[in-house]
Amino acid sequence: MTLPKFDYAEPKSLRQASALLRQQRGKAMLIAGGTDLLQALKNRLKTPALLVDLKNIPRLDHISYSEKTGLQIGAMVSLRQLANSAVIKEKYPMLVEAALAVGTAQLQAMGTVGGNLCQDSLCQFRDRSPMARLMLEPCLKLGGHVCHAVSGSNKCWANYSGDLAPALLALHARVTIADSTEKKKIPLSKLYSDDGKRPTRLRAGQILTVIHVPPPAPHSGSAYLKLRLRKTIDYALLGVALYLSMEDGDAVCKDIALALTGVGKAPFLVKEAEQLKGKQVGDAEIAQVAEAAFKQAHPLSNIGGLTPAYRKEMVRVYVRKAFGVALESAGQDA
Amino acid sequence: MPTEQLDIVGTSSIRVDARDKVMGKAIYIDDIQVPGMLHGKVLRSRYPHARIVRIDTSRAEKLPGVLGVVTGADVPFIHGESLLDEPFLARDKVRYTGEGVAVVAAVDVATAEHALELIRVEYKELPAVFDPVEATEPGAPLIHENVGTYTRAASNIKPIPGTNICNHFQLKTGDVEKGFAESDYIFEDTFTTPMQAHCCIETHGAIALVDDETNITVWANNDSPHRARKEIASAFKVPMTKVRVIIAPYVGGNFGGKGGLKAEAVALAIAWKVRNRPIKIMYTREEEFCSTIGRHPSVVRMKTGVKQDGTFVARAVKIYLATGAYAEKGPTVSTFAGISGAGPYRIPNLSIDSYCVYTNRQLAGAFRGYGGPQTAWAYESQMDIIAHKLGLDPVELRLRQVYVDGDRHANGQILKSEGLRDCLVQVAESMEWNSKPLGKNQGRGVALMERAIKTPFGSAAFVKVNEDGTVDVLSSTTEVGQGSATIVCQIVAEELGVPMASVRKAAPDTAFTPYDASTTSSRSTFHMGNAVKMAAADAKQQLLALASKLLKASPDDLTITQGKVHVKAMPERALPISKVLSENYGASGTVLGRGYYYPEMPEGESNYFSRYMVFWLLGAQGAEVEVNRETGEVKILKIYAAHDAGKAINPMTCLDQIRGGVTLGAGFALSENLMFKGGTVLNPSFLSYPVPSALDAPEIEPMAVEYAHPDGPYGAKGIGETTNVPTPPAIANAIYNAVGIRIKDLPITPDKVLAALKRKDER
Amino acid sequence: MQKKIVFTVNGDRVELSVEPNLTLLDLLKGQLGLIGTREGCDSGACGACTVIMDGAPVLSCMTLAVRCHNRNITTIEGLAHDGKLHPLQQSAIDHDAVQCGFCTAGWLLSAKVLLDNNPTPTREQVRTAVAGNLCRCAGYQRIEESILAVAEGRAKVQE
Ligand SMILES: Cc1cc2nc3c(=O)[nH]c(=O)nc-3n(C[C@H](O)[C@H](O)[C@H](O)COP(=O)(O)OP(=O)(O)OC[C@H]3O[C@@H](n4cnc5c(N)ncnc54)[C@H](O)[C@@H]3O)c2cc1C
Ligand code: FES
Ligand code: FES
C-alpha cells in the first residue's frame, strides 16, 4: 500500500510541536521512529492530516544517569541507542533485554523508546489493508460496532504487546508528559488506559518527553522473558518483567514489582507481588504471585499462532522462570 | 555409466548469477519499466461464496488518472492447467474471499488504490464449505456446479460430476481386504496438515500489453513461460504466435508458487480492456497470502495391516486435499500424492484414493514437495507408530520394507536407480543411530520420502556459438534461485569443451528460447540437462566438422578443450573456436546446436502426468530434538538429510538445495500455518505468518547421495524440490522418541505439545 | 506540499523535492534508479529493503523520504568500489550464500553494520544481526558462514 497524503512538520521545540498538535485537534499525529505509525498509515487505520516529527527537538535523544536521581531517557532515544548505553547495560540490564527483544535489529535502530511505549495495540482482525479488511465487518476500533475477537463485546479487546512497558513498569518508571503549557510527571502505569481502542491516555497535544527510572537498589535483580513463536520479529504473545531487591545479606525481599505485556489491553503491574515485600521468597510465595498473574492475564485469539489457554498457562511458567533469573542476579549483585 | 573424466560437471562452480545479485544489479520484474506503462490494482471479494448481483464501476472510471476498469463480464475467458475452471476475474459468483472481482488501470499505484474504494459490488451470500472432507459429503454446497463438463487437460484427470471433487485418483494392487484379514495388527490413524504459504521474498508481478490486433505480451516472474503462453493463447483463443511471455532476468524465489497465471491473469484482464498500454500489477504481501496459492491442507487416513514380525501386508490410504476455489494444479498434486501415498515400501495389497476437493478458500497448488509433504507426514509417522508397537527399530523396519532396484512399485513400474536405501543408511550412520547417547528429553527419529516426477514432458535447448567462441545457451528453464542457470552452463561448458566463463544463459523469452514444459518438479537438471547436453554435443560435432579440413584430421580425431579445437593426441595442433568459425564463414561465424529431450515411455502410458516415472525423487532425513516439558517448546538439535541426486552436477548448490528445503520443512513442522476464520486469512503478513528467521533455522548436515540414473545427464536426477518433505515426520518421530507423545496434526506448536504431555501424564 | 531535502547516497550528494508521503524505498527505486534495494513486504517485517543510514541498518519501506534530510545513506550499490567487491560480497559468492538473491542486499548491509561495529562477532551475534532479513531460499547457514569467514579473515571455502 502507498501512504496516504499528509502534511509534514518538523518543529524545533516542544512548545511548537504541542501547538501544532492542538491546532489540528485529532488530525495531527506525532511521528518518532515511525515503525509503528507507518504500518497503521499504510493500512489506513489512521489518516492524519499532519505528521509532527519530533526528531529536531533538542535533548529528546539524551540518556543521563546519576546515582541520586537515577536514569533519564529521552523519548527519542532509539532502542539501539538504549541497548548500547554503557550505563544502562550496567545498571538496568532488563531494559537492554527488553529493547533487544523488540522486532529486529533494523526496528531497534529506527524505533524509539517513546514510540515503543505509545505504540498502538494489535488485533489480527484489524491490522490489515483496507482491501483485506473489507473481508470483515468494520470493528469497534475502526468506528464499527462489532468485535471479531470477542463476539458480542461492546469493548475493543486489541492486545497491547510492547516490550519496554513491562520492563519500565517493573522498574517503577515515571514519565514526563508535556503540552504547550505544562509538564507533569506521572507513574508510567497511569499512561495506559485499558481501552483497546486507544491504549494510552494521552490527549491531543500531549507529548511524552522523558522516562525517569529510579536508581537500582543494592542486591537487586531483574528479568524480562518474552514468549513468541520465532526468536525475532514477533511481538510478545506474553512478556514478563520482574524486578526485585533483597535485604542486605539475607533472603528477604525488600522491593518487588512484576509486570506483564501481551496478555491484555494494556501492560499491567501484578499488585499481589508486592505482598512479598519483607518476606522470604520461597517456592510457595512465587507460586502465589504466579497464580495472581495468571488470573490477571486475558490473552485472546486476536494475535499470534498459539492458543490463549496456552499463553495464559505460560504466565505461571514464565513468572516462575523470571523469579529464578532475577533472584540469581540479585544474589550476584553483591 | 559414463566413466569419462569430467572437468566442470561435478565441481562446485560459483553461481553464474551471484555477482549481479550481490551487487544489486540483478533486474527483477518490479524493476522493469515499459514505456507508457500504467499500474493496476485488484478489487477482491469479501465473501467466500456469493453471487455477484451488481458491480458499479462508474465512479472509479471517472476518477482523474484512471484509464479503465475491468470486471469479469468484460473478459469472458477461462484458464486452468489441468482443468479449465478459473475465470480471469470472478463472473456471476465469487468462490473465495480474496478472489479478483475488478481491476483498475491508472497512471500510478496510489490512484489505482483510490479508485478501488469507489467501486461498489453487491453480493448475495451463498453457503460456503471449508473443510475438504465435509466438502465431499452429500449436501455440501457445490462450488462448481459443472465440474463434470469442464475441459480437462487429459482423460486421467477425473472429476466426479455433481460433487466438489475435481480429481479422484485411484491406485489398487492386490486385495486389501484379504490383506487386512491376514494381518496380525491393524493400524488406523488420521493425519492432517494446514496450508503452508510459499513466502517467496519477491511477490508476484506481471506487466501485460494487448494491442489492437490482440498481440499479447506479458513480462512476468513466472516459472514456466511456455506453459503460461499456451494457457494464455488457449484462454484468449488466439494463435500462440500472438502470445509472447518474457521472463524477468531474475526471479526472487518460486517453490512452485510462480507457475500458472497469478498476477498475469489480472494484468491480462485489464490489458484486454485497456488496449495498447502496458499495465503492471505487483502483488502486495497481503495478496500473496490471500490471493495466490499455498500448499494443499490435507486430511490423510491411513490403515495398515502388518504381521507380527513387521511384514507389511496391506495398506488403505484415503487422501483429501483441499484445493480451494479453483483446481489450479490440484488434480496433478493429488495424483502425485496418490502415487506415493503408501510410501516407498513393498506392500502387496494396496488401495489408494486421493481426492482433490474444492473448498471456498484461497487456492492451493504447486508447492515444494507437491503432494509429498502431506502423504509423507502420514506414512512416516505411522511407520514409527508401527515400529514402536511391534518393538522394532524404526530404521531397521524401514530398511526391511524399502524399495530397492528391481522391485515393482505400487504403480506397476520395475524400479531402477533407487538410491533411497543408501540415503537412509547414510543418515543413520551420520547420526550414529544406535550408538550416540542423547540427553534427557532428547530424542531422534528418521523419515523417508519418495515423490513422483512430472512425466513425460519435454525440454528443448539451443546452444549458439558466437563469432568469438563464446556461447549463448537458449533454454526456457527459469532461474529462480535453485541454480539451474549455473548447472546448464556447466553442462554446456563440459560437453563443448569451453571454459565456464565463456558460457551464458539468458532468461527465457518465448519468442527466442525454445520449448520447455516447466521449471518445476525438480525436472530441469534431468530434462533440460539432457537437452543442453545434446545441443552442446550437436554444436561440438558441427565445430569439429568445420575444423576437420583446417586441422587436416578427421572429426573423429578432434576434440575441444578450453575453447580450442585440437587433434586429440596432439593438443598443440589446435585452433581457437573463433578461428574455426572465421576460417569457414568469414565475419559471420556461428554454429547452432540443438537438443530436445523427451523421455522414452512404455506402451500405453498416458502422456500427461503418467503413472510411470522417468525417475523418482528420493531422500531420507534424521532429526534430533529436545522437548521442553515445561513450555512444550521443541528445539531441533540437528537435521541430517541425505537425498539422491544421481550425480551432483554442482555439489555446492546441490547441498544448498537440501539446506533450504530442510529449513522450509522445519517451518512446516513447527510453526507455519496460514490460519483462517471461515474463508478469511487471519495472518496475511510476515509479522503474523512465521517464516523461519536465521535464529530459528535448524543446524543441518546435508548429504548428496549419488546413485546414478542411466538416462540422466552424467547420471544426474533431480533433488531440490522435495528436500523439505521428510523433515516434519522425522521431527515428530524424534519428539515421540524424546517424550512419548505423538502429534498427528501439523504444525507441532508448543501449545499442542504441552497439551499432549498433560494428557499423557494424566493417563 | 513538497519538501526540499539534501542527503548523501553512496557518497553522492542528492538534492530534490519530495512529497511527505514518499518512502525512502520508493525514492531510491523509483527516482534514483537504485533498484538493488528490494521490496518484500512493504511493512517492516522482511528486511529486504534494508539500507544503512548514518551507520545503522534501517528499513527503507518504513522511512519517510522527507526525514532523510542531512543523512548519509548507503545502499547495496554503494558496497563495491570501482567494480571491486566488498569482502562480504565476495564471500557471499564464494560461500554460495546467494540463491534467488532477493534477500541478499538486505542482509549484506545488515552484516556490514555488524562488522563495522564488531569486527569479530560470534555466530550468535551474526545470526542476530541478520535475523531481520528473511531468506525463504533459506541460505542461512551459508549466509552466516560467509559473514564469519570475512570476520575471521578466512580464505575461500569450498564444499
Ligand atoms: C515487523 C515489526 C515487528 C515489531 N515487533 C515489535 C516487538 O517485538 N515489540 C515491540 O514492542 N514493538 C514491535 N514493533 C513495533 C515498533 O517497531 C516498536 O514498538 C517501536 O519501538 C515503536 O517506536 P517508533 O519510534 O517507531 O514509534 P512511532 O511509530 O513513531 O510511534 C508510535 C506511536 O506512538 C506515538 N508517539 C511516538 N512518540 C511519542 C511521544 N514521544 N509522545 C507521545 N506519543 C508518541 C506516535 O504518534 C504513534 O502513534 C514491531 C514493528 C514491526 C513493523
Ligand atoms: S520491504 Fe521493508 S521490511 Fe519488508
Ligand atoms: S536467496 Fe532467496 S530469499 Fe534469500
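Labels below follow one simple rule: chain letters A, B, ... track the order of the sequence lines, proteins then strands, and each chain is numbered from 1.
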Rounded to the nearest 0.5 angstrom, the CD-CG distance for B:Glu633 and A:Leu227 is 7.0 Å
Scanning both residues in full, the closest heavy-atom pair of A:Arg230 with B:Leu687 reads NH2-O, 3.2 Å
Okay, A:Lys5 and chain B: the region with an atom under 4.5 Å from a heavy atom over there is neither
dist A:Ser301:OG -> B:Lys677:NZ (nearest 0.5 Å) comes out at 8.0 Å
If you tally heavy-atom pairs under 4.5 Å between each of B:Thr631, B:Val42, B:Leu670, B:Leu695 and chain A, the highest tally belongs to B:Thr631
State whether A:Lys42 and B:Glu286 are salt-bridged, where the test is any N-O pair (Lys NZ or Arg NE/NH1/NH2 against Asp/Glu carboxylate O) under 4.0 Å.
-> no
Heavy-atom closest pair (A:Leu306 atom, B:Asp751 atom, distance to 0.1 Å) is CA-OD2, 3.4 Å
Whatever's closer than 4.5 Å to a heavy atom in chain A on B:Leu682 counts as both
When the 4.5 angstrom heavy-atom criterion is applied to B:Pro48 and chain A, the contacting part is neither
Honestly, the part of B:Val691 sitting under 4.5 Å from a heavy atom of chain A is both
> Given side chains that start at C-beta, do those of B:Leu754 and A:Tyr310 come closer than 4.5 Å, heavy atoms only?
Replying inline: yes
Taken to the nearest 0.5 Å, the spacing of A:Thr232 OG1 from B:Asp696 CG works out to 7.5 Å
Looking at B:Asp761, I want to see if its CG is surrounded by more than 12 non-hydrogen atoms of other residues, nucleotides or ligands under 6.0 Å. yes
For a side-chain hydrogen bond (donor to acceptor under 3.5 Å, both in side chains) check, start with the C-alpha distance between B:Ser688 and A:Gln124, then their side-chain angles and the critical distance, and finish with the verdict. CA-CA 8 Å; B:Ser688 45; A:Gln124 64 189 8; over 6 Å; no
Applying a strict 4.5 Å limit to non-hydrogen atoms, the region of A:Arg320 in contact with chain B is side chain
Applying a strict 4.5 Å limit to non-hydrogen atoms, the region of B:Ser685 in contact with chain A is neither
Taken to the nearest 0.5 Å, the spacing of A:Arg128 CZ from B:Phe289 CZ works out to 11.5 Å
Cut-off 4.5 Å, heavy atoms of chain B, and the answer for A:Arg126 is neither
Whatever's closer than 4.5 Å to a heavy atom in chain A on B:Glu630 counts as both
- Item | Check: B:Val109 and A:Met1 side chains under 4.5 Å, non-hydrogen atoms | no
